Amino acid sequence: MRLRGEDGYAEFAAARAGHLYRSACLLTGGDTHLAEDLVQETLGRLYVSWRRVSRVGNPAGYAQTVLTRTFLAHQRRRSSTERATDVLPDLADPHSAADDTPLRLTLVEALGQLSAKDRAVVVLRYWEDRSIEETADVMNVSSAAVRTRCVRALGRLRVLLGDGLSEYAAR
């Protein structure tokens with residue numbers, strides 16, 4: 001006998017967990033521990049309602065929506081701004097990473113300096129390649145608010161990445 005919601009859930013979770021984790025890392029500005037927590041909470045919520053979700057035309061999109069809304073809910077908590085230490089997390093071995101590691105680290109650092117909603121807009125629009133209307137629906141805001149946030153967030157990223165990208169290009 002199968003437990004509630006098991007039909008296909010394990011396969012779906014295994015296939016989408018990596019993508020959800022990468023998106024969560026971008027949303028959290030590189031905080032891998034928080035990203036893991038967000039993915040775990042997202043997959044848990046999906047499991048509870050898997051029978052309904054599996055009948056949706058795009059369960060992967062639904063999962064991304066749940067991830068984004070979970071992230072935004074976390075950012076509204078007062079405790080989300082608390083940091084236990086100023087020490088940076090361990091970085092990957094530079095000899096084992098790809099050639100674009102400095103660029104990716106610069107991008108993640110710049111994303112981390114954006115507000116949570118601006119970061120969510122950038123990730124949904126440019127990482128997830130969602131339309132303005134889809135992004136507005138996921139974030140529960142108007143299309144005009146998404147357009148405004150895109151312009152503001154991209155302008156801020158250009159300023160933040162100006163020095164970082166020129167250092168990368170000089171290599």
Side-chain angles (χ1 to χ4, degrees), residues 3-84 89 91-92 103-154 156-157 160:
L3 295 176
R4 167 182 55 117
E6 275 190 18
D7 296 331
Y9 173 78
E11 294 84 14
F12 175 82
R16 294 301 298 170
H19 184 78
L20 289 170
Y21 176 72
R22 287 187 295 277
S23 294
C25 283
L26 292 172
L27 286 171
T28 61
D31 185 344
T32 57
H33 300 292
L34 178 56
E36 290 170 352
D37 291 346
L38 291 173
V39 170
Q40 182 177 3
E41 187 169 341
T42 298
L43 291 175
R45 289 180 182 188
L46 286 173
Y47 179 76
V48 168
S49 59
W50 181 246
R51 285 184 184 228
R52 182 178 46 85
V53 171
S54 63
R55 285 183 250 138
V56 173
N58 184 7
Y62 184 85
Q64 186 64 37
T65 299
V66 171
L67 175 71
T68 303
R69 289 182 179 172
T70 301
F71 165 72
L72 292 173
H74 172 74
Q75 292 301 308
R76 285 191 293 270
R77 292 184 202 135
R78 177 172 282 172
S79 63
S80 71
T81 58
E82 295 176 359
R83 298 290 176 248
L91 299 176
L103 177 61
R104 282 190 278 149
L105 290 174
T106 301
L107 178 61
V108 169
E109 182 180 327
L111 281 171
Q113 293 180 36
L114 296 177
S115 72
K117 288 185 180 180
D118 286 349
R119 199 173 329 139
V121 164
V122 169
V123 170
L124 288 171
R125 287 281 293 132
Y126 301 104
W127 172 257
E128 292 293 323
D129 198 28
R130 298 237 184 156
S131 69
I132 290 174
E133 292 75 23
E134 288 173 323
T135 303
D137 184 48
V138 167
M139 295 183 63
N140 288 329
V141 296
S142 69
S143 296
V146 170
R147 285 188 199 93
T148 302
R149 284 198 177 277
C150 278
V151 170
R152 180 176 55 216
L154 290 177
R156 178 92 170 112
L157 276 176
L160 292 170

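Keep in mind that what you see is a predicted model, and the values were worked out from it rather than measured.
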Legend entry - Residues, nucleotides or ligands: over 12 heavy atoms within 6.0 Å of Q40 CD: no
Inset, instruction - First locate atom OG1 of T68, then atom CG of L124, and finally report the distance between them rounded to the nearest 0.5 Å. - result: 4.0 Å
Legend entry - 4.5 Å side-chain heavy-atom contact, R149 and S115: yes
Inset, instruction - To the nearest 0.5 angstrom, please state how far the CZ atom of F71 sits from the OG atom of S23. - result: 11.5 Å
Inset, instruction - Going by the side-chain contact (heavy atoms from CB on, under 4.5 Å) test, name the single residue among L26, L27, L111 that passes it with V122. - result: L111
Legend entry - Interatomic distance, Q75 atom CD to K117 atom NZ [nearest 0.5 angstrom]: 11.0 Å
Inset, instruction - Decide yes or no for N140 and R69: does some side-chain heavy atom of the first lie under 4.5 Å from some side-chain heavy atom of the second? - result: yes
Inset, instruction - Can you spot which of T42, N58, V138, T70 makes a side-chain contact (heavy atoms from CB on, under 4.5 Å) with T65? - result: V138
Legend entry - Heavy-atom check, side chain of F12 versus side chain of V53, under 4.5 Å: no
Inset, instruction - Work out which heavy atom in C150 is nearest to a heavy atom in V121; give both atom names and the distance. - result: SG-CG1, 3.2 Å
Legend entry - Backbone of R125 reached by a side-chain donor or acceptor of R130 within 3.5 Å: no
Legend entry - Distance (rounded to the nearest 0.5 Å) between C25 SG and E36 CD: 7.5 Å
Inset, instruction - With rounding to the nearest 0.5 Å, note down the distance linking CG in D137 to CD1 in I132. - result: 14.0 Å
Inset, instruction - Over 60° means perpendicular and under 30° means parallel, so classify the ring planes of H19 and W127, tilted if in between. - result: parallel
Legend entry - Side-chain heavy-atom pair L72, R76 within 4.5 angstrom cut-off: yes
Legend entry - Distance-minimising heavy-atom pair for Y9 and G44: OH-N, 4.3 Å
Legend entry - Atom pair CG/CG of L157 and L114 - distance to nearest 0.5 Å: 4.5 Å
Inset, instruction - Please examine the side chains of R16 and L43, heavy atoms only from C-beta on, and report whether any two atoms are closer than 4.5 Å. - result: no
Inset, instruction - Measure across A136 and S143 and return the closest heavy-atom pair with its distance rounded to 0.1 Å. - result: CB-N, 3.9 Å
Inset, instruction - Indicate yes or no: at least one non-hydrogen side-chain atom of R156 is less than 4.5 angstrom from one of D118. - result: no
